[in-house]
Amino acid sequence: MSRYSAAEIEQKWQTAWDETGLFRARHADDRPKYYVLEMFPYPSGRIHMGHVRNYTMGDVIARHKLATGHNVLHPMGWDAFGMPAENAAMAIGGHPKDWTYSNIDDMRAQMKPLGLSIDWAREFATCDPEYYGQQQSLFLDMLEAGLVYRKNAVVNWDPVDMTVLANEQVIDGKGWRSGVDVERRELNQWFFKISDFSEELLSALDTLENWPPKVRLMQENWIGKSRGIEIPFRRTDGADPILCYSTRPDTMRGATFIAISPDHPVSRSLADANAELAAFIADARKMDTTEAAMEKAEKKGIDTGIRVRNPVWPDQTLPVWVGNFVLMDYGTGAVFGCPAHDQRDLDFARKYGLEVRNAFYLPGDPTDVTDVALVPAKTEPVSYVDHFAGIDEVTSQQGIDATIDWFEAKSLGTAQVRYRLRDWGLSRQRYWGCPIPVVHCETCGVVPEAKKNLPVRLPDDVSFEQPGNPLDRHPTWRFTTCPACGGPALRETDTMDTFVDSSWYFARFTAPDAATPTDPDAAAYWMNVDQYIGGVEHAILHLLYARFFARAMHITGHLPAEAIEPFDALFTQGMVTHEIYQTRDANGRPVYHVPEDVENGALKATGERVEIIPSAKMSKSKKNVVDPQNIVSQFGADTARWFVLSDSPPERDVEWTAAGAEATHKHLSRVYRIAAEIRAAEEGPQGTDEALLREMHRTIHDVTLGLESFGFNAAIARLYAFTNTLAKSTAGAAARREAMKTLAQLMAPMTPHLSEEIWQQ
RNA sequence: GCGGGCGUGAUGGAAUGGUAGACAUAUCAGACUUAAAAUCUGAAGGGCAUGUGCCCGUGUGGGUUCGAGUCCCACCGCCCGCACCA
């Protein structure tokens with residue numbers, strides 16, 4: 001072969017690797033183990049450049065570790081449950097199962113040509129009954145361990161589609177499919193007790209040294225620990241006091257009203273006798289809970305007529321309002337409003353003509369002031385604090401803590417540590433998910449399914465013509481017998497949130513065929529994941545849920561104590577972006593064009609200039625998607641792999657360009673050519689060329705360092721430089737041969753096929 | 001509002017506090033060719049001198065240091081995450 005033919009080379013070596021079972025991982029081995037994992041894909045049907053970059057990074061590490069004497073586990077699977085499959089069934093007919101499995105086949109067929117060093121024998125999909133059956137078993141263990149419970153919760157309910165909607169599926173207060181107003185409905189739902197682990201999930205973040213600081217910080221903020229105090233406000237009518245939660249009791253002097261949630265018990269009981277209030281509460285209920293809506297929503301309130309006393313200055317009485325902005329499930333569902341020091345409270349006070357009172361005495365100011373402009377800057381020392389604890393700066397954290405202590409010492413309140421983290425509601429009124437393995441028995445109530453009856457399989461004969469959950473209207477599926485009393489019972493028809501599926505798959509990969517969720521030996525040997533790689537979009541939910549699950553799996557005996565932090569190192573890679581090409585139609589609306597139709601900034605067909613928007617996320621609607629399959633068939637997998645790693649550091653976005661891909665291909669052709677030249681060079685008595693060999697060893701050092709520290713772009717730059725040196729080298733044939741072999745070896749993690757070809761010749 | 005990150009040629013980006021701009025793209029020139037492609041050789045931060053040299057340069061302004069793209073302070077700009085959380 002005189003020309004570089006990626007197609008031939010790649011096919012040849014992929015077959016060879018397959019036949020020798022090179023990437024099969026076995027857990028009896030003297031070599032140190034290394035588990036590298038990329039976040040597994042949702043089987044949409046097409047792989048995209050982001051997948052290529054993600055899996056190539058993992059593959060570079062896997063191959064590098066394999067080459068440096070490690071026993072490597074590098075598996076792949078499918079995060080296969082979820083709504084798109086049901087949506088496809090509703091839109092185009094067919095069955096979610098068929099749609100999903102056929103997508104998996106398609107995607108596997110697109111991935112295999114990339115030459116990834118994956119142990120395909122371990123592949124599974126989360127919708128395999130073998131997988132979700134083990135998940136049900138895990139759920140039952142967690143139920144027994146008290147890590148799962150049922151409670152009523154308010155959800156977004158679409159009255160037409162008859163299903164719960166995620167916040168993301170509520171657009172402007174309306175269901176994204178039905179277009180009707182979404183209701184807030186209270187339903188009985190299953191919850192994981194993740195909030196029991198708030199403190200531990202928070203403090204253990206410090207041990208995750210090889211995680212990006214940014215991700216740790218995001219989790220810290222999400223868990224949201226705060227120290228505050230619960231303060232009872234006595235009512236003038238002598239009824240039970242209203243408990244308010246505050247993290248800023250130092251602003252007590254500025255309190256001019258109390259706001260309670262529409263869901264607060266006091267609001268509810270008053271509503272019985274107050275039609276206006278009842279209407280207000282009903283109205284607040286209708287408001288959807290999405291971020292966007294919350295931001296726009298007007299702050300509204302209604303005076304209850306109740307008055308309470310300021311606990312520190314009892315001669316001051318404050319009105320109690322119901323406010324639509326007060327959340328029932330944070331703190332006590334009641335707050336005191338301090339308009340002088342809080343923008344939201346100020347807006348509210350202005351709207352309803354409530355008093356604005358400065359919380360802090362200004363130096364030399366003996367009386368209360370009402371002008372907001374006089375409020376001292378946060379860090380300014382204030383003089384009034386002798387009232388509290390004799391501290392001179394209330395607004396430092398120390399000052400706030402001292403104020404809390406002061407309140408406690410005077411028996412005016414109880415210090416509280418609170419977390420923003422809520423329990424994880426896992427019930428979904430959906431078909432295509434893991435059935436929750438419980439039954440509802442008239443005599444026994446909620447009863448866990450017996451493990452011998454697992455998996456509770458999804459029925460195949462379902463229809464999607466009607467809205468709602470097909471499991472609910474299935475003629476027979478629901479009807480079963482109670483595992484406890486043997487009487488008639490109904491199955492739970494809710495399925496699990498798909499985040500559950502991805503919360504433990506990494507553990508299942510260590511023994512994908514085990515008859516229990518994990519195999520203790522295999523889990524002990526392979527866990528933890530040494531390097532986990534994925535998108536930063538999973539920084540909070542997936543990674544937090546997985547950390548919770550690892551703890552739950554330890555408690556239920558499915559993972560060793562060492563595995564409660566399942567990912568030793570985490571790397572979040574950047575996106576692959578591409579220019580967008582757009583022109584305008586007669587009405588000035590943008591029209592997008594695929595890259596193939598554009599040449600030199602103009603449409604190939606008409607010559608019309610296109611507007612170029614650089615570095616945009618690839619998306620179908622903007623038509624700037626580059627299909628990896630096309631690149632592989634045009635240039636080969638090695639070119640695609642090399643390109644997505646070159647140019648940009650892996651944590652940053654990389655811009656895909658046709659010119660860059662071509663240049664990469666030219667470079668690989670050049671390496672191939674140089675190798676051929678060197679092979680053909682006359683053997684002779686020439687000695688070594690020390691300069692070349694010195695450069696070679698320097699390259700080995702730099703590239704190794706680059707591969708081990710996610711400096712792939714720098715490693716590749718070094719390989720370019722060495723290729724140039726080698727091409728120009730006038731050293732003897734033996735030295736050049738040695739240098740060429742080394743070059744091939746160093747390139748191998750990125751371009752395994754080309755390297756293997758050069759190495760073997 | 002709270003939290004975090006980043007500012008280096010035309011472009012993507014290199015650079016344990018020690019020769020800024022490695023490597024690549026785009027560009028230009030040359031060789032080969034009837035021509036083109038491919039390939040090979042070379043130029044290239046800006047300015048002045050163009051002859052070997054000089055001056056200025058990592059968002060802006062200060063500071064630490066023998067020495068700062070790198071460390072510290074302030075400001076400007078961009079990006080990201082969170083947010084009626086009391």
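Convention: sequence-line order gives letters A, B, ...; per-chain numbering from 1.
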Indicate whether OP1 or OP2 belonging to [N] is found under 4.0 Å from a side-chain N or O atom of [X].
X: Asn724(A); N: A22(B); value: no
X: Arg670(A); N: U39(B); value: no
X: Arg216(A); N: G4(B); value: no

Arg268(A) side, atom CZ; Ile281(A) side, atom CD1 - distance, nearest 0.5 Å: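 Answer rounded to 0.5 Å: 8.0 Å.
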
From Arg307(A) atom CZ to Gln316(A) atom CD, the distance as rounded to the nearest 0.5 Å: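 Between atom CZ of Arg307(A) and atom CD of Gln316(A) there are 14.0 Å.
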
Pair partner, G45(B) [Watson-Crick or wobble, under 3.5 Å]: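 Pairing partner: C56(B).
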
G1(B): pairing nucleotide in any strand, Watson-Crick or G-U under 3.5 angstrom: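 Pair assignment: G1(B) / C82(B).
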
Classify [X] by what it touches in the nucleic acid, base, sugar-phosphate, or nothing, heavy-atom distance under 4.0 Å.
X: Ser646(A); value: nothing
X: Arg718(A); value: nothing
X: Tyr720(A); value: sugar-phosphate
X: Pro213(A); value: nothing
X: Val654(A); value: nothing
X: Ala663(A); value: sugar-phosphate
X: Asn713(A); value: sugar-phosphate
X: Lys300(A); value: nothing

Conformer about C1'-N of G9(B) - syn within 90° of 0, anti elsewhere: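 Syn conformation for G9(B).
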
Measuring only the [atom1] atom in each nucleotide, how far is [N] from [M]? A whole number of Å is fine.
N: G62(B); M: U25(B); atom1: C1'; result: 38 Å
N: A43(B); M: U50(B); atom1: C1'; result: 15 Å
N: U65(B); M: C72(B); atom1: P; result: 16 Å
N: G9(B); M: G46(B); atom1: C1'; result: 9 Å
N: C23(B); M: A29(B); atom1: P; result: 23 Å

Close side-chain approach of Ile229(A) and Tyr245(A), heavy atoms under 4.5 Å: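 Counting from C-beta outward, Ile229(A) and Tyr245(A) never come under 4.5 Å.
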
Nearest-angstrom distance from the residue atom NE2 of His264(A) to C1' of A86(B):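 In whole Å, A86(B) C1' and His264(A) NE2 are 13 Å from each other.
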
Residue whose closest nucleotide on RNA chain B lies nearer the 5' end, Arg652(A) versus Tyr419(A):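 Final value for this comparison: Arg652(A).
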
5' priority, RNA chain B, between Ala334(A) and Met218(A) [closest heavy atom]: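 Mapping each residue to its closest nucleotide by heavy atoms, the 5'-most match is Met218(A).
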
Of Asp702(A), Val703(A), Thr704(A), the residue whose pairing with Ile700(A) passes side chain to side chain contact (heavy atoms under 4.5 Å, CB included):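 By the side chain to side chain contact (heavy atoms under 4.5 Å, CB included) criterion, Ile700(A) pairs with just one of Asp702(A), Val703(A), Thr704(A): Thr704(A).
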
Steps toward salt bridge (charged side-chain N to carboxylate O under 4.0 Å, His left out) verdict (Lys151(A), Glu186(A)): CA-CA 10 Å; Lys151(A) 73 167 180 190; Glu186(A) 199 168 289; over 6 Å; no

From G12(B), G4(B), C82(B), nucleotide with atom closest to Asp647(A) side chain: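 Per side-chain heavy atoms of Asp647(A), the pick is G12(B).
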
